[in-house]
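Working notes, structure below.
Just so it is clear, the structure is predicted and the values come from calculations on it, not from any experiment.
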Amino acid sequence: ATSGTLAIMVGGPTTTIQIVQPILDQLGKVTEVGPVGSGHALKALNNLLSATHLLATCEAMLVGEKFGLDKEVMLRVFNESSGRSASTENKWPNFILSEKFNSGFGLRLMLKDMNIATNLADEMGIPDRLATTATRLWGEAAQSLPATSDHTEIHRWVQDSEQVSG
């Protein structure tokens with residue numbers, strides 16, 4: 001928000017959005033997405049995708065590392081290929097490889113949005129087996145990691161889980 005780069009999804013009447021748009025424009029890119037509640041739903045669905053990508057990336061990186069692949073090389077190949085995502089382009093290089101784990105978005109906030117998204121799928125009668133599994137795993141991580149954990153610390157949980165089972 002302070003850098004003005006947020007993706008802001010807004011739902012509601014266009015006339016109302018136009019009133020608050022000058023303020024929201026200072027925080028990031030505003031996209032009108034539909035009626036009231038649409039912004040909330042889309043944010044939760046977006047974070048569900050982001051969390052699922054991050055969890056899958058952490059698992060893939062751990063497998064590759066155990067196989068003997070270099071983390072930097074894996075990220076470069078993923079980012080030049082179809083495995084590319086915000087996780088490989090941003091989260092891994094900036095917060096996980098650096099071991100800063102300080103992206104500014106809490107693990108429990110991510111889990112909250114994942115639960116909102118899977119509840120929405122349930123309400124719509126849409127099967128969401130992958131989403132439900134990812135949400136369950138993030139819930140396990142939330143139970144294991146400190147309450148103040150950044151969402152990028154899911155990597156620590158994946159790594160610790162491998163050490164326990166491996």
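When all heavy atoms are compared, the tightest approach of Thr152 to Phe101 is OG1-CA, 3.3 Å. When every heavy atom of Gly11 is checked against every heavy atom of Ile17, the shortest pair comes out as C-CD1, 4.2 Å. Shortest non-hydrogen contact noted between Met61 and Met74 is O-CE, 3.5 Å. The two residues Asn47 and Met114 make their nearest non-hydrogen contact at O-CG, 4.5 Å. Of all the heavy atoms in Pro146 and Ser149, the pair that sits closest is O-OG, 2.8 Å.
In this structure, the separation between CZ on Arg156 and CG on Leu107 is 11.5 Å, given to the nearest 0.5 Å. Between the CD atom of Glu32 and the OG1 atom of Thr16 there is a distance of 9.5 Å, given to the nearest 0.5 Å. The NZ atom of Lys29 sits 12.5 Å away from atom CG of Leu24, with the distance rounded to the nearest 0.5 Å. To the nearest 0.5 Å, atom CZ of residue Arg84 and atom CZ of residue Phe78 are 12.5 Å apart. Separation of atoms CG (Leu55) and OG (Ser50) is listed at 11.0 Å; rounding is to 0.5 Å. Once rounded to the nearest 0.5 Å, the distance linking CD of Glu99 with CD of Glu153 reads 11.0 Å.
A heavy-atom distance below 4.5 Å is found between the side chains of His53 and Leu49. Considering only heavy atoms from C-beta on, Pro13 comes within 4.5 Å of Val36 through its side chain. Inter-residue side-chain proximity for Thr135 and Leu111 is flagged as met; some heavy-atom pair is nearer than 4.5 Å. Within the 4.5 Å cutoff, side-chain heavy atoms of Leu97 are placed close to those of Glu72. Counting only heavy atoms from C-beta outward, the side chains of Lys66 and Val63 never approach each other to under 4.5 Å. Side-chain contact between Cys58 and Trp92: present, with at least one pair of heavy atoms (C-beta onward) separated by less than 4.5 Å. Residues Thr132 and Arg136 fail the side-chain proximity criterion, which asks for heavy atoms closer than 4.5 Å.
With hydrogens and angles disregarded, a donor-acceptor distance shorter than 3.5 Å links the side chain of Ser87 to the backbone of Leu54. With hydrogens and angles disregarded, a donor-acceptor distance shorter than 3.5 Å links the side chain of Ser144 to the backbone of Glu140. The closest donor-acceptor contact from the side chain of Thr31 to the backbone of Val33 lies at 3.5 Å or more, if one exists at all. In this structure, the side chain of Asn94 engages the main chain of Asn90 through a donor-acceptor pair within 3.5 Å. Between the side chain of Asp150 and the backbone N or O of Gly104 there is at least one donor-acceptor pair closer than 3.5 Å. In this structure a side-chain-to-backbone donor-acceptor pair under 3.5 Å is missing from Ser81 to Gly83. A distance-only check finds a donor-acceptor pair linking the side chain of Asn79 to the backbone of Leu75 [under 3.5 Å]. Looking at Trp138, its side chain does come within 3.5 Å of a backbone N or O of Ala51 through a donor-acceptor pair.
Using modelled atom types and a 3.5 Å distance limit, the side chains of His151 and Lys91 yield a donor-acceptor pair. Inspection of the Asp128 and Thr118 side chains reveals no N or O donor paired with an N or O acceptor under 3.5 Å.
Both Val10 and Leu6 are members of a single hydrophobic cluster when ILVMFWY side chains are connected at heavy-atom separations under 4.5 Å. Tracing side-chain contacts under 4.5 Å through hydrophobic residues (I, L, V, M, F, W, Y), one never reaches Ile8 starting from Met110; they form parts of separate clusters. Transitive grouping of hydrophobic side chains (ILVMFWY, heavy atoms separated by less than 4.5 Å) brings Leu145 and Leu62 into a common cluster. Residue Met124 is grouped with residue Leu45 when hydrophobic side chains (ILVMFWY) are merged at heavy-atom distances under 4.5 angstrom, including chains of intermediate members. Leu42 and Leu109 fall into different hydrophobic clusters, where Ile, Leu, Val, Met, Phe, Trp and Tyr side chains are chained together by heavy-atom contacts under 4.5 Å.
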**Request:** Dump the intermediate steps for side chain to side chain contact (heavy atoms under 4.5 Å, CB included) on Trp157 and Leu137, then the final yes or no.
**Result:** CA-CA 10 Å; Trp157 179 79; Leu137 293 171; 4.0 Å; yes
